[in-house]
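Chain letters run A, B, ... following the sequence lines, proteins first, then strands; residues in each count from 1.
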Protein chains: 4
Amino acid sequence: MQMMKLRKSVLDANLEIVKRGLALHTFGNASGIERGATPKESVVAIKPSGVPYETLIPEDIVLTDLEGNVLDGALRPSSDLDTHLLLYREFPDIGGIVHTHSEFATAWAQACKAIPVFGTTHADYFHGPIPVTEPLTKQEVNHGYVLNTGRVIVRCFREGGLNPTAMPAVLVAGHAPFAWGATPAKAVEHADILEFVARLAYRTVALEGPSEGIPLHVRDHHYFRKHGAKATYGQK
Amino acid sequence: MQMMKLRKSVLDANLEIVKRGLALHTFGNASGIERGATPKESVVAIKPSGVPYETLIPEDIVLTDLEGNVLDGALRPSSDLDTHLLLYREFPDIGGIVHTHSEFATAWAQACKAIPVFGTTHADYFHGPIPVTEPLTKQEVNHGYVLNTGRVIVRCFREGGLNPTAMPAVLVAGHAPFAWGATPAKAVEHADILEFVARLAYRTVALEGPSEGIPLHVRDHHYFRKHGAKATYGQK
Amino acid sequence: MQMMKLRKSVLDANLEIVKRGLALHTFGNASGIERGATPKESVVAIKPSGVPYETLIPEDIVLTDLEGNVLDGALRPSSDLDTHLLLYREFPDIGGIVHTHSEFATAWAQACKAIPVFGTTHADYFHGPIPVTEPLTKQEVNHGYVLNTGRVIVRCFREGGLNPTAMPAVLVAGHAPFAWGATPAKAVEHADILEFVARLAYRTVALEGPSEGIPLHVRDHHYFRKHGAKATYGQK
Amino acid sequence: MQMMKLRKSVLDANLEIVKRGLALHTFGNASGIERGATPKESVVAIKPSGVPYETLIPEDIVLTDLEGNVLDGALRPSSDLDTHLLLYREFPDIGGIVHTHSEFATAWAQACKAIPVFGTTHADYFHGPIPVTEPLTKQEVNHGYVLNTGRVIVRCFREGGLNPTAMPAVLVAGHAPFAWGATPAKAVEHADILEFVARLAYRTVALEGPSEGIPLHVRDHHYFRKHGAKATYGQK
């Protein structure tokens with residue numbers, strides 16, 4: 001019952017990826033987690049690998065524990081499963097992850113550049129520049145590539161002193177973005193806003209805007225009016 | 001009764017923002033005013049804060065006086081209310097205001113650049129380059145940010161000798177555009193044409209067009225064939 | 001009866017402008033001509049000025065002779081009427097004209113640059129670079145602006161030795177494109193392909209393609225396999 | 001019966017070209033082949049020339065042998081037939097070919113530049129940079145242009161040591177892309193992903209990403225996890 005609800009929320013997030021134009025063909029995937037006392041008692045629900053979005057039903061969503069053992073589901077899980085699992089293990093406050101190849105976020109990832117904070121649209125959602133990882137080494141690619149993709153993300157956050165709650169997205173160099181949130185629905189919302197922010201930043205660069213972006217006091221003001229104890233945005 | 005009509009026109013303008021692709025998620029807002037003899041007797045109708053467009057009904061539109069006292073409405077008004085109110089107080093001829101984060105206008109705002117008059121599409125609607133404000137100081141951000149956003153707009157118009165009727169839009173540096181007009185419907189029309197003009201100007205810059213734009217005699221001719229006593233465009 | 005058919009073809013061309021995304025709001029217009037023995041016996045059908053496309057009916061299409069005298073219609077003709085009339089008088093082989101502010105063609109017009117022949121898509125329809133006019137002088141703008149817009153187009157063709165049949169479009173500097181053809185339907189098809197060619201050329205410039213475009217032998221081959229006595233494209 | 005199935009698959013691929021936004025008007029075409037023991041016993045099915053996509057029915061698809069003799073069909077085959085036939089003769093493992101003038105792939109073709117491997121989206125489908133041909137000489141254009149278009153493609157693959165199975169697309173300089181695959185459906189899928197990859201690469205160049213693209217070990221890893229004996233992507 002509980003599991004059907006998790007599967008449904010993950011299915012919805014996957015369909016939202018398509019609805020918002022964030023994926024072509026079978027690219028991209030969304031997952032969610034129901035955290036338990038231990039990794040073995042936690043349940044991760046994820047899109048099956050290479051299945052067209054339009055035919056997905058809740059039962060197709062694969063269930064695994066946090067170590068990747070399949071609990072239920074007739075299909076193979078997404079080939080990106082190990083990245084999702086590592087992020088869930090390392091970022092204990094997140095409840096959903098979305099991976100896309102959305103156009104502008106992927107262009108920044110391919111350009112191996114972090115997205116500067118050029119405006120308040122960015123600052124409303126992401127507390128600082130959206131980081132880009134280091135490229136994976138040959139060794140990391142050839143042995144445990146998918147797991148290592150998670151590791152370069154975690155390393156990027158550790159070394160940059162970044163908080164996954166205040167910075168719910170990352171660009172994997174030469175690849176594409178990952179976004180996350182408290183729920184699968186929040187993760188896909190962040191993936192969508194990331195794409196819009198990446199698009200705005202691309203246009204700003206083309207117009208030769210100020211390379212350093214907006215001042216720190218504007219960033220902080222906008223971020224904290226939407227997040228944390230003193231947030232004033234939206235209905236109570 | 002009167003108020004229901006005002007609310008309806010503001011609701012329609014908000015929905016038009018979405019229909020024309022000027023806003024993502026809950027970004028953006030529209031308001032309208034029924035002016036009275038005094039600020040306390042004037043009624044401003046504005047979108048509630050952070051409510052999805054698709055669920056909005058006329059009763060959700062919040063009514064306040066020109067000082068921001070809520071007259072009617074169960075929801076919180078838009079977090080940008082104070083900017084709207086200041087513009088209504090300082091620009092006495094306007095009847096509707098629309099704020100969006102539309103893609104190309106926002107890119108120009110983020111680049112902190114006014115939009116030059118590159119062609120007659122621009123000149124038909126805006127009598128001169130579309131201005132960009134100064135950035136807000138740290139002091140202005142931390143104390144009364146929303147009100148101060150209105151103040152930098154007004155200052156930009158005062159210092160530039162601009163007439164809000166002939167220049168019905170502005171770019172707030174590092175943020176996004178505001179547009180206005182005689183009614184909420186006119187305001188959203190201006191926001192939409194601003195976005196198209198910003199898009200054309202972006203493309204013109206990419207093609208390395210003449211940086212000074214079209215000559216003054218063309219600007220004036222186009223503007224005045226659509227506006228003022230000698231206008232010849234449209235049906236009588 | 002004959003006139004109803006002309007009006008209908010002009011209405012269809014106007015609606016096609018919108019359907020193909022070539023115009024925003026009331027921008028743009030299409031006309032057609034039924035040529036008679038003299039200018040006074042010729043009938044031009046044109047969109048009324050400033051009327052929304054969605055409400056247009058055949059009776060709204062204004063009929064004039066080639067000198068601009070209204071023959072039938074309750075509405076004012078398009079404010080661009082005099083440009084259309086001059087083109088019909090000077091280019092005796094054309095039967096329909098379309099004016100748009102389509103995004104990429106307008107960007108090239110605003111940049112005051114002819115569109116080079118970068119590829120066969122262009123060469124299939126336009127026999128050479130798509131020309132851009134000189135800007136209008138102050139005198140030309142202030143006295144007979146709309147007629148003079150036609151005159152700079154005609155001058156551009158005369159001085160460039162261009163044939164309006166082989167080059168069914170032009171960019172008016174700082175303004176936007178005009179396209180034409182044997183019928184209103186052909187004119188709107190050319191306006192649409194012009195926009196696509198302008199878009200491709202914009203992208204090619206951004207990628208720093210060869211500035212001189214494709215060689216003359218490719219241009220000629222492609223143009224003449226679709227046009228003239230030796231054309232081989234399509235069904236017989 | 002067999003032939004009706006072939007025609008149907010070719011019709012579907014042609015309609016998919018339109019559905020995915022890869023062609024304007026009658027641009028573009030798809031074909032398929034049922035290979036026989038000899039060229040005369042092979043059957044190629046191809047779109048008729050210059051017929052609007054929306055009116056196509058299976059019987060309109062023209063059938064020829066591998067030497068271009070029409071076997072069945074009342075309409076003229078696509079003017080690009082000779083290019084398709086040569087590719088089928090020279091690349092014996094392909095079963096479908098798609099030609100489009102899709103926006104970004106055509107821009108790269110017009111810029112006469114190969115598309116570098118900037119990311120894993122590219123590497124998942126194309127094993128190396130997507131090649132661009134030499135321009136055709138005047139002689140090649142004037143005598144057997146369509147056949148020679150096929151020849152420059154084949155020469156490009158021979159000289160570059162490229163395998164048409166691992167590189168299912170090419171850019172013809174100053175013209176547009178061709179893509180192919182085991183079936184007409186696969187060919188159109190490759191044409192669609194080529195367009196997306198071309199779009200991502202265009203954006204990456206604009207952001208001044210690393211001109212050399214991603215390292216070889218990433219390219220190989222991504223390509224081989226989707227192709228060949230050790231592929232792990234998708235359902236078994």
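Among Asp192(D), Val117(D), Asp124(D), the residue with the largest count of heavy-atom pairs under 4.5 Å with chain A is Asp192(D).
No part of Asp220(D) comes within reach of chain A, as not one of its non-hydrogen atoms sits under 4.5 angstrom from that chain. Using a 4.5 Å cut-off between heavy atoms, Ile214(D) contacts chain A through its side chain alone, with no backbone atom that close. Residue contact with chain D, scored on non-hydrogen atoms closer than 4.5 Å, involves the side chain of Leu24(A) exclusively. Proximity to chain D (any heavy atom under 4.5 Å) is restricted, for Lys113(A), to the side chain, taken from C-beta onward. Interface remark: Ala123(D) contributes no atoms to any contact with chain A (heavy atom separation under 4.5 Å). Looking at Pro48(A), the atoms closer than 4.5 Å to chain D (heavy atoms on both sides) sit in the backbone and in the side chain alike. Neither the backbone nor the side chain of His122(D) comes within contact range of chain A; no heavy atoms are under 4.5 Å apart. In this structure, chain D has a heavy atom under 4.5 Å from the backbone of Thr137(A), while its side chain stays farther away.
The closest donor-acceptor contact from the side chain of Arg89(A) to the backbone of Leu66(A) lies under 3.5 Å. Put simply, the side chain of Trp108(A) gets close to the backbone of Ala198(A): a donor and an acceptor are under 3.5 Å apart. Proximity of a side-chain donor or acceptor of Asn14(A) to a complementary backbone N or O of Tyr53(A) within less than 3.5 Å is not detected.
For the residue pair Asn163(D)/His127(D), the side-chain donor-acceptor check at 3.5 Å is not satisfied. At a cut-off of 3.5 Å, with distance as the only test, no side-chain donor of Tyr88(A) or Ser42(A) sits close to an acceptor on the other residue.
The environment of CD in Glu208(A) is sparse: at most 12 heavy-atom neighbours from other residues, nucleotides or ligands sit within 6.0 Å.
Ion pairing between Glu67(A) and Lys40(A) holds under the 4.0 Å rule for side-chain N and carboxylate O.
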